[in-house]
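Working notes for the structure below.
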Amino acid sequence: MDAEAIEQGRLRWQARYDAARTRDADFTTLSGDPVDPVYGPRPGDTYEGFERIGWPGEFPYTRGLHATGYRGRTWTIRQFAGFGNAEQTNERYKMILEAGGGGLSVAFDMPTLMGRDSDEPKSLGEVGHCGVAIDSAADMEVLFRDIPLGDVTTSMTISGPAVPIFCMYLVAAERQGVDPGVLNGTLQTDIFKEYIAQKEWLFQPEPHLRLIGDLMEHCARGIPAYKPLSVSGYHIREAGSTAAQELAYTLADGFGYVELGLSRGLDVNTFAPGLSFFFDAHLDFFEEIAKFRAARRIWARWMRDVYGAESEKAQWLRFHTQTAGVSLTAQQPYNNVVRTAVEALSAVLGGTNSLHTNALDETLALPSEQAAEIALRTQQVLMEETGITNVADPLGGSWYVEQLTDRIEADAEKIFEQIKERGRRAVPDGQHPIGPMTSGILRGIEDGWFTGEIAEAAFQYQRALEKDDKRVVGVNCHTGSVTGDLEILRVSHEVERDQVRILGERKAARDDAAVRAALDAMLAAARTDANMIEPMLDAVRAEATLGEICGVLRDEWGVYTEPPGF
Ligand SMILES: CC(C)(COP(=O)(O)OP(=O)(O)OC[C@H]1O[C@@H](n2cnc3c(N)ncnc32)[C@H](O)[C@@H]1OP(=O)(O)O)[C@@H](O)C(=O)NCCC(=O)NCCSC(=O)CCC(=O)O
């Protein structure tokens with residue numbers, strides 16, 4: 001790009017920056033020297049390929065979505081939390097908000113994630129263990145007691161039964177007197193990554209996609225700020241993928257949901273801002289930063305050029321990041337604080353919009369209160385003490401980071417082509433029921449391709465670890481430790497007993513005929529093309545439980561069995 005075009009871009013950025021609001025904060029170095037909000041080529045310099053880098057707040061958004069970077073608004077500190085029953089988790093949320101957490105993020109227990117009630121035999125021993133147990137709208141009410149849902153953004157990490165859980169959230173808001181139309185938050189909902197990596201699905205892909213389409217329609221129509229999908233690479237990476245695979249599979253899944261919205265006749269400029277993303281921040285500092293920068297650039301280009309998105313928000317890739325759980329070690333667990341800080345730094349340098357930092361004890365149990373606080377404080381140290389929020393995309397223009405960004409983008413493009421090619425082999429072009437990327441994803445799920453590719457990458461890494469080519473402190477080098485034991489959070493079995501008892505009492509107190517009628521109406525809707533959100537909301541309002549709602553749908557649609565792979 002010639003010097004004149006670079007200068008024009010800088011002036012556009014300056015105009016945007018001047019028109020925007022910045023925080024009332026000190027933007028100097030620790031030594032008191034002023035720093036610019038962004039840096040670029042020196043006036044008069046040319047820069048080959050600068051259109052791929054550009055300025056923050058401008059297409060292709062490599063350097064961030066906002067001209068002001070974190071000077072306008074810092075990232076959201078969003079700590080994923082949930083354990084025991086709704087009451088215990090409600091207490092933890094209040095602690096997080098009081099300690100300066102910017103948003104909430106609900107972790108559900110395994111029965112809830114699988115659409116089962118706490119009193120089902122398969123739930124035994126799991127209630128309240130890896131997250132909070134939610135059986136019905138009444139639990140959801142308790143979960144957010146004294147937390148005004150109109151004033152807080154809440155993320156809910158659930159995908160198989162995402163839609164009934166979402167309905168419970170809406171009903172909890174109604175019961176607080178909050179208009180559901182003003183709700184802002186994120187529902188994970190991403191079912192593709194369940195088949196690819198996390199393995200918590202309920203039905204075959206098609207009925208899941210139908211429910212997701214209904215949800216997208218409902219939110220696009222009436223809850224404009226709500227993000228019904230958090231397209232997730234985190235679980236793909238944690239299952240052992242490479243950074244490029246994480247990026248490519250996740251963005252491809254995102255394209256699949258765009259195709260789903262388009263196939264429903266929705267306007268891409270209306271529904272695309274409701275797609276957000278969720279990535280892992282692993283330990284290779286520069287590769288991770290490059291991954292985040294490439295993600296924004298690829299998404300903006302595909303949204304504009306392939307899917308016809310015109311508005312900025314429809315081209316923006318917004319993402320949450322969680323530090324890599326898989327990088328934590330049980331050996332010398334205090335080192336995990338350092339790993340997490342480095343990973344969080346890469347997320348911030350990559351321009352994350354929202355961040356969860358893992359607690360040092362998460363490889364052993366759910367975080368204790370003390371470990372959860374250190375994790376939160378880690379973000380606050382980065383945010384408040386390091387000057388990192390002063391300058392947008394400070395690594396832009398680094399030869400290494402720019403080349404890594406280009407490389408990871410090229411790798412992702414190759415993978416998109418592989419996915420689409422699988423789709424073309426399964427379904428001739430012009431006949432894709434949803435879209436060409438979606439056909440490729442479904443084919444890759446059905447024939448175990450994604451799982452196989454991830455397993456191969458995980459195998460290669462494990463082999464490198466065992467040959468000591470890759471090193472992990474406390475595991476295959478610098479072993480032996482003088483640090484003591486950790487306090488471990490244990491969820492008492494009484495939680496399960498109490499949850500089952502309360503569920504029984506609630507079932508006994510409700511109007512059974514109303515529950516049955518609402519479930520029948522929901523089933524009738526499932527047998528048509530009608531949007532299922534309203535009938536499901538009615539069932540939830542009648543206090544139908546999660547297990548009952550999912551049970552009716554399981555009976556109707558059947559369950560999915562994964563193809564065996566060796
Ligand atoms: C979009 C995100 C990523 C973040 O939303 P947030 O509301 O926090 O942030 P945001 O949208 O970036 O910013 C909020 C508002 O401020 C505006 N804003 C931001 N920066 C600005 C700036 N510099 N200048 C002007 N405006 C700015 C934004 O445009 C937006 O307004 P407008 O809206 O008006 O534009 C959302 O989807 C989210 O919160 N996701 C979290 C997902 C999550 O927590 N998942 C947990 C998974 S845990 C899991 O799966 C478990 C894994 C395991 O451990 O097993």
Side-chain angles (χ1 to χ4, degrees), residues 16-17 19-23 25 37-38 56-57 61 63-82 96 101-110 113 130-131 151-159 162 182-190 193-194 197-200 219 223-239 250 254 272-281 292 295-296 311-314 316-328 347 351-359 362-363 366-367 375 389 392-393:
R16 280 171 181 258
Y17 182 85
R21 289 221 331 241
T22 51
R23 287 178 295 119
V38 69
Y61 306 104
R63 309 193 68 187
L65 305 177
H66 300 283
T68 52
Y70 294 129
R71 285 193 181 197
R73 183 184 183 280
T74 49
W75 69 89
T76 307
I77 297 179
R78 196 181 294 282
Q79 295 296 87
F80 183 54
I96 288 173
L104 296 177
S105 178
V106 186
F108 295 97
D109 70 357
M110 190 54 76
L113 291 172
C130 71
D151 301 340
V152 71
T153 60
T154 306
S155 162
M156 294 192 291
T157 293
I158 192 151
S159 293
V182 307
L183 292 176
N184 189 349
T186 303
L187 189 67
Q188 192 160 83
T189 316
D190 174 14
K193 68 95 173 51
E194 295 298 337
Q198 170 105 331
K199 316 286 177 188
E200 288 162 5
C219 291
I223 319 182
Y226 197 80
K227 288 155 247 343
L229 272 149
S230 173
V231 191
S232 305
Y234 187 83
H235 317 83
I236 292 171
R237 189 67 183 282
E238 293 280 298
T250 309
L275 300 176
S276 81
F277 287 83
F278 171 34
F279 293 112
D280 197 288
F292 302 129
R296 274 191 300 270
S311 74
E312 288 202 319
K313 282 193 176 177
W316 280 359
L317 178 140
R318 298 197 229 202
F319 68 100
H320 173 74
T321 309
Q322 180 167 335
T323 54
V326 79
S327 73
L328 305 182
T352 195
N353 303 94
S354 167
L355 179 62
H356 168 100
T357 31
N358 287 327
E362 279 187 64
T363 189
L366 287 186
T389 58
D393 190 38

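Just follow the structure's listing: the first ligand is 1, and inside any ligand the first atom is 1. The model shown is predicted, which means the values in this text are computed figures rather than measured ones. Throughout, residue positions are numbered sequentially from 1 according to the sequence presented.
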task = Looking only at distances, please establish whether an N/O atom of ligand 1 is found under 3.5 Å from an N/O atom of Q322.
result =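 In this structure, Q322 places an N or O atom under 3.5 Å from an N or O of ligand 1.
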
Identity of the nearest option to [atom], non-hydrogen atoms only, from [options]:
{"atom": "atom 23 (N) of ligand 1", "options": "A20, A324, G69", "value": "G69"}
{"atom": "atom 5 (O) of ligand 1", "options": "E362, R23, K313, R78", "value": "R78"}
{"atom": "atom 45 (N) of ligand 1", "options": "S155, G64, G103", "value": "S155"}
{"atom": "atom 48 (S) of ligand 1", "options": "T157, L187, N353, T76", "value": "T157"}
{"atom": "atom 4 (C) of ligand 1", "options": "S354, C130, G72", "value": "S354"}
{"atom": "atom 30 (C) of ligand 1", "options": "R73, Q188, R318", "value": "R318"}

CG on L187 to CD1 on I158, rounded to 0.5 Å =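 One finds 8.0 Å between CD1 of I158 and CG of L187.
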
key: Rounded distance (nearest 0.5 Å) linking atom CG of D109 with atom CG of L366   =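 D109 CG to L366 CG: 10.5 Å, rounded to 0.5 Å.
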
Per-atom contacts of ligand 1 with [X], taking only distances under 4.0 Å to non-hydrogen atoms:
{"X": "K227", "answer": "1 (C), 37 (O)"}
{"X": "Y234", "answer": "52 (C), 53 (C)"}
{"X": "T68", "answer": "22 (C), 23 (N), 24 (N)"}
{"X": "H235", "answer": "49 (C), 50 (O), 52 (C)"}

For ligand 1, does [X] get within less than 4.0 Å through its side chain, its backbone, both, or neither, judged by non-hydrogen atoms?
{"X": "Y70", "answer": "neither"}
{"X": "R71", "answer": "neither"}
{"X": "W75", "answer": "neither"}

task = Please report which non-hydrogen protein atom sits nearest to atom 38 (C) of ligand 1, along with the residue it belongs to and the distance in Å to one decimal place.
result =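 For atom 38 (C) of ligand 1, the nearest protein heavy atom is T186 OG1, 3.3 Å.
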
ask   = What is the closest protein heavy atom to atom 22 (C) of ligand 1, and at what distance does it sit?
value =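 The closest one turns out to be H66 CG, 3.3 Å.
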
ask   = What pair of heavy atoms forms the shortest contact from I236 to A197, and how long is it?
value =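 Looking at all heavy atoms of both residues, the closest pair is CA-CB, 3.7 Å.
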
request  = Mind telling me whether H66 and W316 have parallel, tilted or perpendicular rings, with 30° and 60° as the class edges?
outcome  =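 Judged by the thresholds at 30° and 60°, the geometry between W316 and H66 is perpendicular.
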
query = Relative to the ring of F292, is the ring of F319 parallel (under 30°), tilted (30 to 60°) or perpendicular (over 60°)?
reply =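 Answer is parallel, since the angle falls under 30°.
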
Ring pair (Phe, Tyr, Trp, His ring centres under 6.0 Å) against Y70, all qualifying residues, sequence neighbours excluded =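 Only W75 meet the ring pair (Phe, Tyr, Trp, His ring centres under 6.0 Å) criterion with Y70.
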
request  = With sequence neighbours excluded, tell me which residues meet ring pair (Phe, Tyr, Trp, His ring centres under 6.0 Å) with H356.
outcome  =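 With sequence neighbours excluded, H356 shows a ring pair (Phe, Tyr, Trp, His ring centres under 6.0 Å) to no residue whatsoever.
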
inquiry  = Let's go through S159 and E200 carefully: what are the C-alpha distance in whole Å and the side-chain angles of both, what is the deciding distance for side-chain contact (heavy atoms from CB on, under 4.5 Å) to 0.1 Å, and is it a yes or a no?
reply    = CA-CA 8 Å; S159 293; E200 288 162 5; over 6 Å; no

key: S105 near ligand 1 by a heavy-atom separation under 4.0 Å   =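 Per 4.0 Å heavy-atom rule, S105 contacts ligand 1.
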
query = Hey, mind stepping through R63 and R296 against side-chain contact (heavy atoms from CB on, under 4.5 Å) and telling me if it holds?
reply = CA-CA 8 Å; R63 309 193 68 187; R296 274 191 300 270; 6.0 Å; no

inquiry  = Ignoring hydrogens and geometry beyond distance, is a side-chain donor-acceptor pair present between R23 and T68 at under 3.5 Å?
reply    =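 No, no side-chain donor-acceptor pair sits under 3.5 Å.
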
request  = Using side chain to side chain donor-acceptor pair (under 3.5 Å) as the criterion, point out the one residue from Q198, Q188, H235 that pairs with K193.
outcome  =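 Exactly one option meets the side chain to side chain donor-acceptor pair (under 3.5 Å) with K193, and it is Q188.
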
